[in-house]
Colleague: 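Okay, here's the structure, questions in a sec.
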Amino acid sequence: MTDMVPGPAAETPSGDPEVGKTDPPWRGRDILFGVLAGFGGAFGFFIVYAVFVRASGVGSISGLAAFEFASIVSYVFLGAGLWFFALRRRGRSLRDAGFAKVGAGAVALMLPLTLGVLFVNGLIQLGVMELFGEIKTASDQLGVEEGSLNPSD
């Protein structure tokens, strides 16, 4: 009987069979273009949004809500720009970038685990307060009266 001997591993131009297996599917310029496109898209969105708000006469939203809205929109545009330039143009998937499908069991565990972490955090804060006294708030540290700072500040 003849022993089967495997053939040589496929080599890259550098001669090393391991090179290229862990290289990311994107280049630095792809990331740069993705970031620029993301911020450019978000900037364009906010210009259109501001024009719409002025033209329609709709009142503006509070400071904290505006910050959260701006953050979400910026991250969406940034993610879309990076997805397009770093993955889509090169025919790659999110899996190639390290993302994986999350099972229903993992999602179901998120709420109880989050609540557990919050509970443990509360216990740690109680222990710290017992050891070192009451924890000063930002208002206490600034030396201002209670209620003089509104939540958006």
Side-chain angles (χ1 to χ4, degrees), residues 9-129 132 134-142 144 146-153:
E11 293 186 358
T12 59
S14 67
D16 186 359
E18 295 298 317
V19 172
K21 288 186 178 182
T22 59
D23 290 344
W26 55 82
R27 294 195 173 100
R29 69 175 177 218
D30 297 328
I31 301 297
L32 176 65
F33 291 153
V35 169
L36 291 176
F39 284 133
F43 185 72
F45 173 84
F46 289 123
I47 289 174
V48 170
Y49 176 76
V51 169
F52 172 75
V53 167
R54 288 228 171 160
S56 67
V58 176
S60 64
I61 54 180
S62 72
L64 184 59
F67 176 75
E68 290 172 358
F69 176 69
S71 297
I72 291 169
V73 168
S74 298
Y75 283 126
V76 166
F77 275 97
L78 185 61
L82 288 170
W83 169 79
F84 178 77
F85 281 98
L87 297 175
R88 175 95 164 101
R89 279 187 39 209
R90 298 199 178 271
R92 300 300 181 106
S93 67
L94 289 174
R95 177 161 283 187
D96 295 326
F99 291 93
K101 289 185 179 181
V102 178
V107 173
L109 281 175
M110 287 181 190
L111 181 62
L113 288 176
T114 301
L115 293 175
V117 167
L118 290 173
F119 179 75
V120 170
N121 185 25
L123 291 177
I124 291 171
Q125 285 184 351
L126 286 174
V128 168
M129 285 176 58
F132 301 108
E134 187 175 339
I135 300 170
K136 291 187 175 187
T137 65
S139 297
D140 295 337
Q141 293 176 14
L142 292 173
V144 296
E146 186 72 31
S148 65
L149 292 176
N150 59 26
S152 64
D153 293 338

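None of the values given here were measured: they were computed from a predicted structure. The chain is numbered in sequence order, starting from 1.
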Colleague: Quick one: CZ on Phe84 to CG on Asp30, what's the gap to the nearest 0.5 Å?
Modeller: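 One gets 10.5 Å once the value is rounded to the nearest 0.5 Å.
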Colleague: Are more than 12 heavy atoms, taken from residues, nucleotides or ligands other than Arg90, located less than 6.0 Å from that residue's CZ atom?
Modeller: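 Correct, the count exceeds 12.
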Colleague: As an exercise, state the distance from CG of Leu118 to CG of Leu123, rounded to the nearest 0.5 Å.
Modeller: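 Atom-to-atom, Leu118:CG and Leu123:CG are 11.0 Å apart.
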Colleague: Go through the steps to decide whether Leu94 and Trp83 satisfy the test side-chain contact (heavy atoms from CB on, under 4.5 Å), and finish with yes or no.
Modeller: CA-CA 8 Å; Leu94 289 174; Trp83 169 79; 3.9 Å; yes
Colleague: Where is the tightest heavy-atom contact between Ala86 and Ile31, given as atom of each residue plus distance?
Modeller: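 The answer is CB-CD1, 4.1 Å.
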Colleague: Tell me if the CZ atom of Phe33 is crowded by more than 12 foreign heavy atoms within 6.0 Å.
Modeller: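 Check fails, neighbour count at 12 or below.
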Colleague: Heavy atoms, side chains only, cut-off 4.5 Å: are Phe77 and Phe39 in contact?
Modeller: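 Not touching, per the 4.5 Å side-chain cut-off.
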Colleague: To check you understand the geometry: which heavy-atom pair defines the closest contact between Phe46 and Ser74, and what is its length?
Modeller: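 It is CE1-OG, 3.9 Å.
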Colleague: Can you name the nearest heavy-atom pair linking Trp26 to Asp96, along with the distance?
Modeller: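 Smallest heavy-atom distance, with atoms named: CZ3-O, 4.5 Å.
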